[in-house]
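Heads up, the thing below is written out as structure tokens.
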Amino acid sequence: MIRWIFLGLFVFGLFMLMLSVNRFRRGGLSGRPDAAWEIADQGASLLFAAAMVAGSWTLAVYSLLLAGPVMIAKHARSYLRHRRAPAA
């Protein structure tokens with residue numbers, strides 16, 4: 001039963017990864033770093049869902065170890081960008 005849930009998350013992750021890649025291809029130079037971090041985040045989440053569907057706990061742990069620094073970097077960039085933004 002639980003594998004079906006992760007299979008659904010895997011399919012949803014594929015869709016979100018395609019949207020992120022399209023955003024990366026469409027975006028100008030200023031938006032590409034954020035889109036690249038989004039692709040890395042989606043890829044790590046997709047790897048975790050695939051590991052859970054396959055039942056590979058080793059791959060699941062490694063995908064979480066990959067996702068952690070990606071999410072930290074992505075949120076740190078977002079925090080610093082909003083911190084530097086001038087107040088309206």
Side-chain angles (χ1 to χ4, degrees):
M1 175 64 185
I2 196 87
R3 287 189 181 188
W4 287 105
I5 294 170
F6 282 109
L7 184 62
L9 287 174
F10 179 79
V11 171
F12 180 71
L14 276 176
F15 176 71
M16 294 303 294
L17 184 64
M18 289 188 315
L19 289 178
S20 297
V21 168
N22 284 337
R23 192 175 315 131
F24 179 77
R25 291 175 59 202
R26 271 187 308 180
L29 290 177
S30 63
R32 283 199 178 186
D34 292 332
W37 282 111
E38 185 69 28
I39 290 171
D41 184 20
Q42 293 296 330
S45 300
L46 192 64
L47 184 62
F48 177 73
M52 295 306 291
V53 168
S56 173
W57 289 100
T58 305
L59 186 59
V61 169
Y62 285 130
S63 67
L64 289 176
L65 289 174
L66 173 69
V70 168
M71 287 183 184
I72 289 170
K74 184 175 139 185
H75 291 296
R77 283 181 52 84
S78 176
Y79 172 75
L80 290 174
R81 182 177 52 243
H82 291 299
R83 186 173 169 208
R84 289 186 212 148

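Bear in mind that the values here come from a model prediction, so they are computed numbers and not experimental data.
We find the CZ-OG distance between F10 and S45 to be 12.0 Å, quoted to the nearest 0.5 Å. The line from CZ of R32 to CZ of R25 is 9.5 Å long, rounded to the nearest 0.5 Å. Put simply, CG on L64 and CG on L59 are 9.5 Å apart, with the number rounded to the nearest 0.5 Å. Here CD1 of I72 is found 15.0 Å from CZ of R77. Values are rounded to the nearest 0.5 Å.
Residue pairs meeting the side-chain hydrogen bond (donor to acceptor under 3.5 Å, both in side chains) criterion with at least one partner in residues 60-72, sequence neighbours excluded, are absent.
Shortest non-hydrogen contact noted between L17 and G43 is CD1-N, 4.2 Å. The two residues F24 and A35 have their closest heavy-atom pair at CA-CB, 3.7 Å. For the residue pair A60 and A51, the shortest heavy atom distance occurs at N-CB, 3.5 Å. Contact between A54 and R3 at its shortest, heavy atoms only, is O-NH2, 4.1 Å.
Transitive grouping of hydrophobic side chains (ILVMFWY, heavy atoms separated by less than 4.5 Å) keeps L9 and L47 in distinct clusters. By the rule that hydrophobic residues join a cluster once side-chain heavy atoms approach within less than 4.5 Å of another member, L19 and F12 end up as members of one cluster. By the criterion of side-chain heavy atoms lying less than 4.5 angstrom apart, applied directly or through intervening Ile, Leu, Val, Met, Phe, Trp or Tyr residues, W4 is grouped together with M52 in one hydrophobic cluster. Under the 4.5 Å side-chain contact rule for hydrophobic residues, W57 and F6 share a cluster.
Proximity of Q42 to I39: side-chain heavy atoms (C-beta onward) are nowhere separated by under 4.5 Å.
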Open item on the list: One pair to check against side chain to side chain contact (heavy atoms under 4.5 Å, CB included): R81 and D34. What are the steps and the verdict?
Closed with: CA-CA 11 Å; R81 182 177 52 243; D34 292 332; 2.9 Å; yes
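Between V53 and the options I2, I5, L7, a side-chain contact (heavy atoms from CB on, under 4.5 Å) holds for only L7.
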